[in-house]
Amino acid sequence: MKKVVVGLSGGVDSSVTAYLLQQQGFEVIGLFMKNWHDDTVTISDECPWLDDSNDAMMVAEKLGIPFQTVDLSEQYKERIVDYMFREYELGRTPNPDVLCNREIKFDVFMKIALSLGADYVATGHYCRKGAIEKDGETMYQLLAGNDDNKDQSYFLCQLTQEQLAKTLFPIGELQKPEVRRIAAEQNLITANKKDSQGLCFIGKVRLPEFLQQKLKTKEGEIVEIDSEKNIYSETTAEFKSKAEELLHLSKKYKYALSDGKVVGKHQGAHYFTRGQRKGLAVGGTPEPLFVIATDVDSNIIYTGQGNKHPGLYSKALFVNSGEVHWVRPDLAIQPGEEMAVEARIRYRQTLQEAMLYQTENGLYIVFKEAQSAITEGQFVAWYLKDELIGSGVIS
């Protein structure tokens, strides 16, 4: 009998994952990850991880499977939290959920599971795993979940073949309402529990307050840039080479204080991210202001009116070669090669038509339509049909 360790989070998805695997004849062990100790930054006195671990334990009891809690808070602090602070300080916007999957669930957690003699680990992610034979080798595929509303393949975009080989996603074939129905039929305590929001496993944390703990507040100016500014007027340049054109397309607009007018004050450019609308506290403009750029060195936030402001849009992005990751290494393209794909730059974004261009120093992704708020530090993931084949950190 094959042994599988399920990451029981105290939510309905992982509860049903454990039940389904049990039905499929696996020997199932439930493991709850405790990733957080610092209660000074959680929003309220409620202690979400305690409630969650109790719910996970009750589910394990109901299913009659062994259960234990592992404390990964040290690794979590080191690999996720400290990384996030460093990224925000540099004026980038990291994605903790993608990192948590790469660094914690499918690395530290997986090693613990395998050390318990498990053949597989399983999570309650809405995605599917496929396998194909290629040149006598098995290649594992990361496929989108069948529930379009819940597809979570994007969060797993950094997984490797070795990790996929040892992973199962039993609810990827199901729709969310079916998952809740199964939980209710089995009288699992999590059947009607709300989906958790917030950082992966930290619970309810407010990001600005969380960041303020480590990153000092520092007053700076909010500058508004007019959308008619001549830097936005498209000149159809002649390019000597493809490389020159790609560089031009992915270039970021550079702003100076003199380009616009000061409309307000902020408490630190590193708390803001491109495309952000909330938290600027500047009124009196015909259309709401959006952050179009932040400059952490001079501590200035550049904004523009309305979500159609040209400063929000770009046609292309670049990923440094060290940050390009192929889930399917057999499909990786070489310098000088290109590939038509569909891509997304954030979770739940509709897939967008794009071309990949590999160069010596990295990968360019050129979109058919200009994209709003391409954000440094976030992940871009690219797909062929419903298979996620690669990803990278936007640089």
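Quick note: numbers below take in every heavy atom, side chains included, and nothing from hydrogens, waters or symmetry partners.
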Do we see a donor-acceptor contact under 3.5 Å between the side chains of [X] and [Y]?
X: Glu224; Y: Gln305; answer: yes
X: Tyr383; Y: Arg344; answer: yes
X: Thr69; Y: Ser53; answer: no
X: Asp295; Y: Tyr255; answer: no
X: Thr138; Y: Glu133; answer: yes
X: Glu337; Y: Gln358; answer: no

Is it true that, when you exclude [X] itself, more than 12 heavy atoms of the residues, nucleotides or ligands shown sit nearer than 6.0 Å to its [atom1]?
X: Glu219; atom1: CD; value: yes
X: Lys385; atom1: NZ; value: no
X: Met58; atom1: CE; value: no
X: Gln24; atom1: CD; value: yes

- Message: Applying the side chain to side chain donor-acceptor pair (under 3.5 Å) criterion to Gln352, which one of Glu369, Lys368, Gln371 satisfies it?
- Response: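 So the option named by the test is Gln371.
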- Message: Let's go through Val223 and Ile301 carefully: what are the C-alpha distance in whole Å and the side-chain angles of both, what is the deciding distance for side-chain contact (heavy atoms from CB on, under 4.5 Å) to 0.1 Å, and is it a yes or a no?
- Response: CA-CA 6 Å; Val223 174; Ile301 294 175; over 6 Å; no
Can you get from [X] to [Y] by hopping between Ile, Leu, Val, Met, Phe, Trp and Tyr side chains that sit under 4.5 Å apart?
X: Val324; Y: Met339; answer: yes
X: Ile389; Y: Phe379; answer: no
X: Leu317; Y: Leu356; answer: yes

Parallel under 30°, tilted from 30 to 60°, perpendicular over 60°: which one fits the rings of [X] and [Y]?
X: Phe239; Y: His248; value: tilted
X: Trp382; Y: Trp326; value: perpendicular
X: His266; Y: Phe272; value: perpendicular
X: Phe32; Y: Phe67; value: tilted

Determine the minimum heavy-atom distance between [X] and [Y], stating which atoms define it.
X: Cys157; Y: Ser391; result: O-OG, 2.7 Å
X: Leu142; Y: Cys127; result: CD1-SG, 4.1 Å
X: Ile171; Y: Val16; result: CG2-CG1, 4.1 Å
X: Gly377; Y: Glu87; result: CA-OE1, 4.0 Å
X: Pro170; Y: Leu20; result: O-CD1, 3.9 Å
X: Glu173; Y: Arg128; result: OE2-CD, 3.5 Å

Has the side chain of [X] got a donor or acceptor atom that lies under 3.5 Å from a matching backbone atom of [Y]?
X: Glu244; Y: Lys240; answer: yes
X: Ser395; Y: Phe318; answer: yes
X: Arg274; Y: Leu312; answer: yes
X: Gln161; Y: Val327; answer: yes
X: Asp226; Y: Glu228; answer: yes
X: Asn101; Y: Val98; answer: no
X: Arg346; Y: Ala373; answer: yes
X: Gln276; Y: Lys278; answer: yes
X: Ser314; Y: Ala316; answer: no
X: Gln22; Y: Leu63; answer: yes

Drop me the distance from [X]'s [atom1] to [Y]'s [atom2], to the nearest 0.5 angstrom.
X: Phe106; Y: Thr123; atom1: CZ; atom2: OG1; answer: 4.0 Å
X: Leu174; Y: Asn146; atom1: CG; atom2: CG; answer: 8.0 Å
X: His125; Y: Lys150; atom1: NE2; atom2: NZ; answer: 11.0 Å
X: Leu156; Y: Lys105; atom1: CG; atom2: NZ; answer: 7.5 Å
X: Gln158; Y: Leu99; atom1: CD; atom2: CG; answer: 7.5 Å
X: Lys129; Y: Phe169; atom1: NZ; atom2: CZ; answer: 7.5 Å

- Query: For Phe26, is the NZ or CZ atom of Lys3 found under 6.0 angstrom from the centre of its six-membered ring and inside 45 degrees of the ring axis?
  - Reply: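 Judged by the rule, Lys3 and Phe26 form no cation-pi pair.
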- Apply the test side-chain contact (heavy atoms from CB on, under 4.5 Å) to residues Tyr126 and Asp151: give CA-CA distance (whole Å), side-chain angles for both, the deciding distance (0.1 Å), then the verdict. CA-CA 5 Å; Tyr126 285 85; Asp151 166 40; 5.6 Å; no
Is there side-chain contact between [X] and [Y], with heavy atoms separated by less than 4.5 Å?
X: Val121; Y: Val4; answer: no
X: Gln75; Y: Ile104; answer: yes
X: Tyr271; Y: Thr217; answer: yes
X: Asp147; Y: Val179; answer: no
X: Tyr357; Y: Leu363; answer: no
X: Thr285; Y: Val263; answer: no
X: Asp119; Y: Lys166; answer: no
X: Thr303; Y: Leu280; answer: yes

- Just do the side-chain contact (heavy atoms from CB on, under 4.5 Å) check on Asp107 and Arg79 with the steps written out, would you? CA-CA 11 Å; Asp107 186 39; Arg79 294 192 186 196; 2.6 Å; yes
- Item | Pairs involving residues 184-194, ordered by first then second residue, that meet side chain to side chain donor-acceptor pair (under 3.5 Å) (sequence neighbours left out) |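 Residue pairs with at least one partner in residues 184-194: Ser15-Thr190, Tyr19-Gln186, Asp52-Lys193, Asp55-Lys193, Arg181-Glu185.
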- Query: Does the pair Thr273 and Glu376 meet the rule for a side-chain contact (heavy atoms from CB on, under 4.5 Å), with working shown?
  - Reply: CA-CA 9 Å; Thr273 178; Glu376 238 176 290; over 6 Å; no
- Please lay out, stage by stage, how Tyr347 and Phe155 fare under the test ring-ring contact (aromatic ring centres under 6.0 Å, His included). CA-CA 7 Å; Tyr347 174 51; Phe155 288 137; 4.3 Å; yes
